[in-house]
Amino acid sequence: MLRGIRNATSNWFGKAIMSVVMGVLIISFGVWGIGDIFRGFGQSTLAKIGKTEISIEQFRQLYTDRLQQISRQIGRPLAPDQARAFGIDRQVLQQVIAETTLDESARNLGLRQSTDEVMKSITNDPNFKGANGAFDPARFAQIIRQFNYSEQRYIAEQKRNALRRQLVGSISGEVEPSKTAVAVLNQFQNEQRTVEFVKLETAQAGTIDTPTPEVLASFYDAHKVQFRAPEYRKIAFVAITPDELAKWTTVSDEDAKKVYEERKDTFATPEKRDVSQMVFPNAEDAAAARARLVGGLSFDDLAKERGLKPSDVDLGLVAKSAIIDSKVADTAFALKTGDISEPIQGTFGTVLVKVGKIEPGSQTSYESVAANLKKEIALERARKSVKDLHDKMEDERAGGATVTEAAEKLKLAVTTIEAVDRSGRAPDGKPVTTIPPGLDLVSQAFASDVGVDNETISYQGGYVSFDVLGVTPSRERTLDEVKDQVEARWRADQITNKLRAKATEMVEKLNKGGKLADEASAAGVKVETAEKFKRDATVANLPASAVAGAFRTAKDAAGQSEGANATEWVVFRVTDVTEPTLDIASEEAKKLKTSVERGVAEELVGQYVIKMESEIGVTINQPAVAQITGANN
């Protein structure tokens with residue numbers, strides 16, 4: 001798997017996916033010691049951890065949710081083979097087992113988490129707060145729905161997470177890393193290198209003669225597997241999601257105007273006033289102060305006399321809703337500019353209020369919000385229809401109807417994909433664009449077959465039903481079919497071999513005292529420089545393989561690496577190595593120390609989980625895992 005991850009992360013797409021994967025894992029320690037006993041499973045059980053069983057459907061849902069989440073974050077569908085190359089299947093399985101093991105341990109220890117505490121943490125979560133800074137139930141429902149959570153499921157998950165955090169905190173405790181460990185990490189992260197380099201490209205490979213038919217046939221025979229036609233599936237699917245249904249929902253002006261009137265305040269900018277207030281212990285003092293203010297004493301001078309700071313008096317330019325005391329708010333918004341109120345018996349004492357600048361409110365017209373308002377109404381109506389339509393669709397399918405037949409009866413749009421391979425591409429090699437972003441349809445279709453009654457796929461707050469209509473088996477293409485591809489691959493191999501040989505020759509000369517400038521001149525390429533980069537840096541014009549190679553090469557020594565593609569090779573010489581210094585009291589050192597602490601803590605937790613797994617017992621239904629992740633296809 002590690003080799004697969006290294007290969008997968010060699011380009012920008014791979015790096016983007018791995019950054020997302022590592023960001024979304026709740027527990028990021030490696031739990032590789034899971035049990036290898038595959039016995040005693042019911043038809044619906046994927047794994048058993050202690051007394052807890054994880055159903056096949058539970059894991060399918062979790063795995064699908066994770067792939068959809070990653071797809072949304074990277075902005076493109078993630079094919080099953082890509083997911084396996086990045087180890088996402090293994091990571092999700094490890095995460096489920098590790099979390100369930102912690103849940104079992106917490107249960108055995110008698111740990112509990114109240115619903116009230118969980119609700120408090122949810123209402124305090126800034127992700128669920130509205131524009132006014134308060135918990136917004138509608139926003140909460142919308143966000144968790146995007147990740148396929150019901151409210152009950154989300155609260156239950158947060159309870160489990162809270163108990164896991166308690167347990168993990170007690171296991172890891174206070175970890176104090178040594179100065180040596182911090183120094184080693186500092187050396188690894190902050191060492192810098194400077195290189196001079198050249199790029200050898202197709203021109204430096206020289207002339208590549210046209211291959212003879214015999215050479216081409218021989219190359220084709222040796223690489224037949226690379227030119228095979230993949231297996232294709234014909235799929236019909238129906239998306240019953242709020243977004244999809246909303247496209248076909250018509251909202252009248254009458255209905256939209258009714259909602260506009262009901263929510264008119266939300267389309268308005270409230271009037272704001274510059275309000276100053278002063279609190280007095282009783283009405284007599286307030287009345288005496290008002291008389292002085294009316295007589296010419298300024299509000300600011302009176303505040304100074306009473307030892308008040310500007311912040312104690314000035315409420316600023318505020319809307320009526322921002323003033324806590326409703327009596328003070330009502331009075332302030334009834335005054336004219338420059339007026340001073342009569343004494344107000346407020347919640348916190350007797351108050352005098354003065355109004356300065358007034359900014360009138362405004363009302364957004366119906367016409368300017370009508371289009372968006374109709375979309376919102378259509379979407380809300382669609383959400384209410386999703387469950388009903390899904391149930392009707394399942395009833396039709398249970399009665400023997402195909403997805404297409406059921407959709408036609410219910411007047412739902414059917415999408416048919418004539419042919420798609422495992423990577424989501426059509427026979428012309430282009431991605432199939434009719435598959436909605438983030439929908440794990442292809443892997444599910446390849447885990448199924450013609451005539452199979454498939455489970456619906458949860459997607460964007462709704463469901464997707466599908467049938468596999470046909471299977472075109474993978475086959476060996478003839479040389480005539482792929483002659484141009486074979487010749488292009490052969491030519492690329494020839495170029496790569498010549499560039500590698502030339503680079504090897506150049507490195508040997510440089511390490512014997514030759515100068516890169518002389519070698520570059522002879523090869524007809526220019527010398528470039530990359531200065532003071534770290535090992536995790538993205539360096540302009542220098543491929544990641546060369547960056548990594550520079551940190552394996554001693555100062556003044558030369559090296560080589562593959563370039564950005566198969567017809568590019570890089571020769572470099574390390575001209576400088578900058579050793580990092582470390583002030584143990586600096587912020588940088590504190591960050592490094594925290595990183596070491598986290599690593600040690602995760603290692604401790606990982607060891608604890610492995611130990612608990614061996615004690616409570618872990619069994620895995622590996623064939624079921626392979627079916628869900630597509631590993632057996």
Worked verdict on Q91 versus Q95 for side-chain hydrogen bond (donor to acceptor under 3.5 Å, both in side chains): CA-CA 6 Å; Q91 289 175 25; Q95 180 182 337; over 6 Å; no
Salt bridge (Lys or Arg N to Asp or Glu O under 4.0 Å), that's the test. Do K224 and E476 meet it? Break it down for me. CA-CA 7 Å; K224 277 185 179 180; E476 189 176 281; 3.5 Å; yes
Check against side-chain hydrogen bond (donor to acceptor under 3.5 Å, both in side chains), Q560 and W569: CA-CA 7 Å; Q560 60 172 301; W569 213 262; 2.6 Å; yes
Go through it in stages, so that I can follow the logic: the residues are T478 and D480, the test is side-chain hydrogen bond (donor to acceptor under 3.5 Å, both in side chains), and I'd like the CA-CA distance, side-chain angles, deciding distance and then a yes or no. CA-CA 5 Å; T478 65; D480 287 340; 5.2 Å; no
Report the C-alpha separation of T496 and D493 in whole Å, then their side-chain angles, then the decisive distance to 0.1 Å, and conclude whether the side-chain hydrogen bond (donor to acceptor under 3.5 Å, both in side chains) test is met. CA-CA 5 Å; T496 298; D493 277 8; 5.3 Å; no
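Across all non-hydrogen atoms, the minimal contact from A445 to F466 is CA-CE1, 3.8 Å. Among all heavy-atom pairs drawn from T404 and A236, the shortest one is OG1-CB, 3.7 Å. Among all heavy-atom pairs drawn from T64 and Q444, the shortest one is OG1-NE2, 3.5 Å. Shown here for D89 and R84, the closest heavy-atom pair between the two residues is OD2-CG, 3.5 Å. G563 approaches V570 most closely through the heavy-atom pair CA-CG2, 4.1 Å. Nearest heavy-atom pair across E579 and Q187 is OE1-NE2, 2.6 Å.
Of the inter-residue distances, the one linking D556 atom CG with L510 atom CG reads 11.5 Å to the nearest 0.5 angstrom. Of the inter-residue distances, the one linking K555 atom NZ with T194 atom OG1 reads 9.5 Å to the nearest 0.5 angstrom. Separating the CZ atom in F197 from the CG atom in L516 is a distance of 10.0 Å, to the nearest 0.5 Å. Atom-to-atom distance recorded for R500:CZ and S561:OG is 11.5 Å, nearest 0.5 angstrom.
For R489 and F219, the positive end is not near the middle of the six-membered ring at less than 6.0 Å and at most 45° from its axis. Figure legend: R233 and F446 shown as a cation-pi pair, the cationic atom lying under 6.0 angstrom from the six-membered ring centre and within 45 degrees of its axis.
Using a 4.0 Å cut-off between a side-chain N of Lys or Arg and a carboxylate O of Asp or Glu, K509 and E505 qualify as a salt bridge. At a threshold of 4.0 Å, the pair R164-E99 counts as salt-bridged, since one of the basic side-chain nitrogens sits closer than that to a carboxylate oxygen. Salt bridge present: R193 and E191 bring a charged side-chain N and a carboxylate O closer than 4.0 Å. Using a cutoff of 4.0 Å between basic side-chain nitrogens and carboxylate oxygens, K483 and E487 are not scored as salt-bridged. The residues R475 and E481 are annotated as salt-bridged, a charged nitrogen and a carboxylate oxygen being separated by less than 4.0 angstrom.
A donor-acceptor distance shorter than 3.5 angstrom exists from the side chain of R491 to the backbone of I208, with no hydrogens or angles considered. For the pair D421 (side chain) and E231 (backbone), a donor-acceptor distance under 3.5 Å is absent.
Counting only heavy atoms from C-beta outward, the side chains of K498 and L200 never approach each other to under 4.5 Å. A 4.5 Å side-chain heavy-atom check between Y220 and V482 finds at least one atom pair inside the cut-off. The closest side-chain heavy-atom distance from I56 to I628 is below 4.5 Å.
For S448 and N454, the side-chain atoms include at least one donor-acceptor pair closer than 3.5 Å. Side-chain contact, S521 with D518: no donor N or O sits under 3.5 Å from an acceptor N or O.
Under the rule for a ring-ring contact (aromatic ring centres under 6.0 Å, His included), the partners of Y463 that lie at least two apart in sequence or sit in another chain are H390.
The aromatic ring centres of H223 and F227 sit 6.0 Å or more apart.
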